[in-house]
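These notes concern the structure reproduced below.
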Amino acid sequence: GMQTIRREIAALQVVAELLDPHAMDAAAALIADAQAAGGRTHVSGVGKCRHIGQKIAATFQSTGTVAYFLDPLDATHGDSGQVCAGDVVVGISNSGGTRELLDTLTTVKRNGAKIIGITGGRESELARLSDVLLHVPVDGEADPLGLAPTSSTTCQLAVGDALAAMLATARGFTADDFG
């Protein structure tokens, strides 16, 4: 168990060193500008990234950013209409090649939404679709088999939390606001 925690800490250290701070600034600005203009932020992912996306959307909400979770399956069956021009969609996929997510992002981009991609796949289709790419490289997962989404999801969550904190700080979000 402790080895898993150490592997996740090591993965977070790599992301902290390699994540482009200009891309983080650009992502935060994209969300802040959309919100200032009346737009919303949607967060989307499939599998374990779905759970991470739901938590990131909830953190955005509790720190003052209007945000919703966008289910990729529902979005490809009509719910993409809730995403309008001026909205931002944060798409999360470790590989950057998750078909259901890519289909959703292609549709909402046609609706006029901007895309922030959180992925380990710098050359992936998600990276190419993204207006802002947050490259979250993870060498391997922390579970004993190196297969279960562990380090990748921990790092994705940390990046989402960092965005939420940046947005809250920029708008002067207070403890009273949180209450």
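The basis for the numbers below is simple: all heavy atoms, side chains too, and nothing from hydrogens, waters or symmetry mates.
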Q | Nearest-0.5 Å distance that lies between atom CG in Leu157 and atom NE2 in His51 | A | 13.0 Å
(Q) Quick test of your reading: applying side chain to side chain donor-acceptor pair (under 3.5 Å), list the pairs with at least one residue in residues 157-179, sequence neighbours left out, ordered by first then second residue. (A) Gln35-Arg171, Lys55-Asp161, Thr65-Arg171, Thr174-Asp177
Q.
For Cys155 versus Val138, what's the shortest heavy-atom pair and its separation?
A. SG-CG2, 4.1 Å
Q: Determine whether Thr104 and Leu70 make a side-chain contact, defined as any pair of heavy atoms from C-beta on separated by less than 4.5 Å.
A: yes
Q) Can you tell me how far CD1 of Ile56 sits from CG of Leu163, rounded to the nearest 0.5 angstrom? A) 8.0 Å
**Q.** Cluster check Leu133, Leu102: I/L/V/M/F/W/Y, side chain < 4.5 angstrom
**A.** no
Q: Locate the shortest heavy-atom distance separating Ala142 from Thr150; write the atom from each residue and the value.
A: N-OG1, 2.6 Å
Q.
Run the side chain to side chain contact (heavy atoms under 4.5 Å, CB included) test on Gln82 and Asp74 for me, step by step, so that the C-alpha distance in whole Å, both residues' side-chain angles and the decisive distance to 0.1 Å come before the verdict.
A. CA-CA 11 Å; Gln82 68 182 301; Asp74 291 340; over 6 Å; no
Q) Under 3.5 Å, is there a donor-acceptor pair linking the side chains of Thr107 and Ser80? A) no
(Q) Within this structure, what is the CD-OG1 distance for the pair Glu8 and Thr154, rounded to the nearest 0.5 Å? (A) 3.5 Å
Q) Do the side chains of Ile118 and Ile52 get nearer than 4.5 Å, heavy atoms only? A) no
**Q.** Gln3, CD: over 12 other non-hydrogen atoms inside 6.0 angstrom
**A.** yes
With a 3.5 Å cut-off and sequence neighbours excluded, list the donor-acceptor pairs that the side chains of residues 16-30 form with protein atoms.
from	atom 1	to	atom 2	distance (Å)
Asp20	OD1	His22	N	2.8

(Q) Strictly distance-based, threshold 3.5 Å: is any side-chain N or O of Asn111 a donor or acceptor partner for the main-chain N or O of Val83? (A) yes
Q) Are Met166 and Val43 linked, directly or through other ILVMFWY residues, by side chains that come within less than 4.5 angstrom of each other? A) yes
Q | Beyond-backbone contact of Phe173 with Leu167, side-chain heavy atoms, under 4.5 angstrom | A | no
Q) Is any side-chain heavy atom of Thr106 closer than 4.5 Å to a side-chain heavy atom of Leu129? A) yes
Q: Measure the CZ-CG distance between Arg128 and Leu105 for me, rounded to the nearest 0.5 Å.
A: 13.0 Å
Q) Distance-only, no hydrogens or angles: does the Gln61 side chain make a donor-acceptor pair with backbone N or O of Ala67 under 3.5 Å? A) yes
N/O donor to acceptor pairs below 3.5 angstrom from side-chain atoms of residues 84-92, sequence neighbours left out:
from	atom 1	to	atom 2	distance (Å)
Asp87	OD1	Arg40	N	2.9
Asp87	OD2	Arg40	NH2	3.0
Asp87	OD2	His42	NE2	3.0
Asp87	OD2	Cys84	N	3.0

Q | Closest non-hydrogen atom pair, Phe60 against Gly160 | A | CE2-O, 3.9 Å
Q: Could you tell me the separation between the CD atom of Glu125 and the CG atom of Leu101, rounded to the nearest 0.5 Å?
A: 10.0 Å
Q.
Is any side-chain heavy atom of Lys109 closer than 4.5 Å to one of Asp131?
A. yes
(Q) What I want to find out is whether Arg7 reaches Asp143 closely enough, with some N-O distance under 4.0 Å, to be called a salt bridge. (A) no
Q) More than 12 foreign heavy atoms under 6.0 Å from CZ of Arg99: is that the case here? A) yes
Q: Taking Arg50 for its side chain and Ser44 for its backbone only, find out whether a donor-acceptor pair lies under 3.5 Å.
A: no
**Q.** Non-hydrogen atoms of Thr119 and Ser95 that approach each other most closely
**A.** OG1-C, 3.6 Å
Q.
Minimum heavy-atom separation for His135 and Gly120, please, with both atom names.
A. NE2-O, 3.0 Å
(Q) For Gly121 versus Ser124, what's the shortest heavy-atom pair and its separation? (A) O-OG, 2.6 Å
